[in-house]
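This structure is in structure tokens; I'll ask about it shortly.
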Amino acid sequence: MSKKPLILGIESSCDETAASIITENKQGNPVVLSNIISSQIKIHKKFGGVVPELAARSHVDKIDLIVEKAVKESGKQIQELDAVASTAGPGLIVCLSVGLSFGKALASSLRKPFIAVNHLEGHALSPKINSELNYPYLVLLISGGHSQFLSVQGLGKYKRLGTTIDDALGEAFDKTAKLLGIEFPGGPQIEVLAKKGNPNKYNLPKPIFYKGGCNLSFAGLKTAILKITKDIKTQEEKFDLAASFQKTIEEILYKKTRIAFDAFEKINKLQKKTFVVAGGVAANNSIRSMLINLCKEKNYQSIFPPIEYCGDNAAMIAMVGLEKFKTKQFSDLDFPAKPRWPLDKDAIFLKGAGVKL
Ligand code: KG4
Ligand code: ZN
């Protein structure tokens, strides 16, 4: 039997330093041998958000230990690696540079191929770690930095159907949490508080609900919430606002996902349709159940990565590395860090004032 590929994945695009080793079983399905994540939440908490220079310094401090731990936990020797894959973008350039340089240096010293990975491709392919998933499929990627609907036609082949024209969904959760006095990153706490409140108490705006196809917008919500929080006095009112926010987000996603289904079906004629939800916000259970129900209604198979692969991790980077290794898509050692690296290079830039929908 030929040796199965053994790939190291490294992730340092934002505030998680992560390394993972992945291989395949006899059937050709991915097997994660180790998945180490070191979060910097403690460092950034007091600033209410990620401070790039501090994040980069912490990546530099930890990267070798994290990689060493990933190798040790995998039960393999570093010399056994077949390739090293690092996130090269999008993300904070000072952070990306750390994992990228480390990965290149390691690959070069081992005389093994280096593979540059797009972080968004990592999220989009993350369910492949645990589920059988055939191309094409529709993905809703909802994280702290991105919110988009993509038709995944194949490895490296993406058609963006919709994107946020302002804030990312995770950002909207975190900003709402901050306005409610919840510590960074407050997104997951909103879900908890929402369960205790009345979702119909506050009528929040739904920007571009009736236009813009399956593009998304969340900035108007933040402004509305800012106004409301000024008059909030009781804990109950806080719960009600969290519940109203959660409900509004679900209504927006329900409507926009239906539109995305239509757009996906226009370009893919399929018997079996699959909808994947990935990224940090995919960990939100209320959003999950709402989308699972929608999939039942519209005859889609729904796939969510397990919670540990929703947020930033290196297993998803190693996963893309594995796919690229098998198709010999290697990168040169001068591959640059790319703060902006859209998956669909033909999609028009849809951010900022004056965007026409
Ligand atoms: O994918 P991720 O770890 O990092 C990025 O690539 O951005 O996503 C992090 C985002 C944060 O904004 C966090 O608040 C949000 O995901 N998040 C959640 C939940 N868990 C994480 N938002 C809502 N509900 C959750 N349960
Ligand atoms: Zn991410």
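Hydrogens, waters and symmetry mates play no part in the numbers below; they use all other heavy atoms, side chains included. One-based numbering, in listed order, for ligands and for the atoms of each. This one's a predicted model, so the numbers in the text were calculated from it and none came from an experiment. Nothing fancy with the numbering, it's 1 onward along the sequence.
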### Centroid separation Trp341 to Phe335 less than 6.0 Å
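Yes, the ring of Trp341 comes within the 6.0 Å limit of the ring of Phe335, centre to centre.
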### Query
In terms of residue, atom name and distance, what is the protein heavy atom nearest to atom 25 (C) of ligand 1?
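Atom 25 (C) of ligand 1 sits closest to the protein heavy atom Pro188 CA, 3.7 Å.
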### Message
Quick check on His146 - does any of its heavy atoms sit under 4.0 Å from an atom of ligand 1?
### Response
no
### Message
Assess whether a salt bridge exists between Lys201 and Glu236, defined as any Lys/Arg side-chain N lying under 4.0 Å from an Asp/Glu carboxylate O.
### Response
no
### Query
Which residue and non-hydrogen atom of the protein lie closest to atom 26 (N) of ligand 1, and at what distance in Å?
Glu191 OE1, 2.9 Å
### Task
Using a strict cut-off of less than 4.0 Å between a Lys/Arg side-chain nitrogen and an Asp/Glu carboxylate oxygen, indicate whether Lys178 and Glu183 qualify as a salt bridge.
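Result for this pair is no, no salt bridge flagged.
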#### Entry: Min N/O separation Gly186 to ligand 1 under 3.5 Å
no
### Query
Purely on distance, is any nitrogen or oxygen of Gly280 under 3.5 Å from one on ligand 1?
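It does: an N or O of Gly280 is found under 3.5 Å from an N or O of ligand 1.
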### Message
With nothing but distance in play, are any N or O atoms of Asn284 less than 3.5 Å from an N or O of ligand 1?
### Response
yes
### Query
Do any nitrogen or oxygen atoms of Gly311 come within less than 3.5 Å of a nitrogen or oxygen of ligand 1?
no
## Note on the structure
closest protein heavy atom to atom 7 (O) of ligand 1 is Gly144 N, 2.7 Å
### Query
Going by distance alone, is a donor N or O of one side chain under 3.5 Å from an acceptor N or O of the other, for Asp15 and His59?
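Short answer, no.
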### Query
Is the shortest side-chain N to carboxylate O distance from Lys222 to Asp167 below 4.0 Å?
yes
### Task
For Glu16 and ligand 1, answer yes if some heavy atom of the residue is under 4.0 Å from a ligand atom, otherwise no.
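Under 4.0 Å: no for Glu16.
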### Task
For the Zn ion (ligand 2), find the closest N/O/S atom on Asp312 and give its atom name.
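Restricting Asp312 to its N, O and S atoms, the minimum distance to the Zn ion (ligand 2) goes to OD1.
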### Message
If only side-chain N and O atoms count, and only distance matters, is there a donor-acceptor pair under 3.5 Å linking Glu73 with Asn35?
### Response
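Checked: Asn35/Glu73 side chains show no N/O donor-acceptor pair below 3.5 Å.
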### Protein contact to atom 14 (O) of ligand 1 [nearest heavy atom, distance to 0.1 Å]
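Checking every protein heavy atom, the shortest distance to atom 14 (O) of ligand 1 gives Asp174 OD1, 2.6 Å.
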### Query
Does the cation-pi check pass for Lys255 over Phe209, that is, NZ or CZ under 6.0 Å from the six-membered ring centre and within 45° of its axis?
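Ring-cation test returns yes.
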### Query
At a 4.0 Å cut-off, with the gap strictly under it, does some heavy atom of Cys14 reach an atom of ligand 1?
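Per 4.0 Å heavy-atom rule, Cys14 does not contact ligand 1.
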### Angle in degrees, rounded to 10°, that NE2 of His119 and NE2 of His123 form at the Zn ion (ligand 2)
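Result: 100°, to 10°.
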### Task
Check whether any N, O or S atom of His146 sits under 2.8 Å from the Zn ion (ligand 2).
no
#### Entry: Pairwise side-chain contact, Phe264 with Tyr300, heavy-atom cut-off 4.5 Å (strictly under)
yes
### Message
Do the side chains of Glu251 and Lys247 get close enough for a salt bridge, i.e. N-O under 4.0 angstrom?
### Response
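Salt bridge flag = yes for Lys247 with Glu251.
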### Shortest protein contact, atom 2 (P) of ligand 1 (heavy atom only)
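Protein heavy atom with the smallest distance to atom 2 (P) of ligand 1: Asp312 OD1, 3.6 Å.
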## Note on the structure
re atom 15 (C) of ligand 1, the protein heavy-atom contact at minimum distance is Val281 CG2, 3.9 Å
### Query
Just distances here: any N/O of Pro185 and N/O of ligand 1 closer than 3.5 Å?
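Checking ligand 1 against Pro185, no N or O pair falls under 3.5 Å apart.
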### Query
Is the closest basic N to carboxylate O distance between Arg160 and Asp344 below 4.0 Å?
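Result for this pair is no, no salt bridge flagged.
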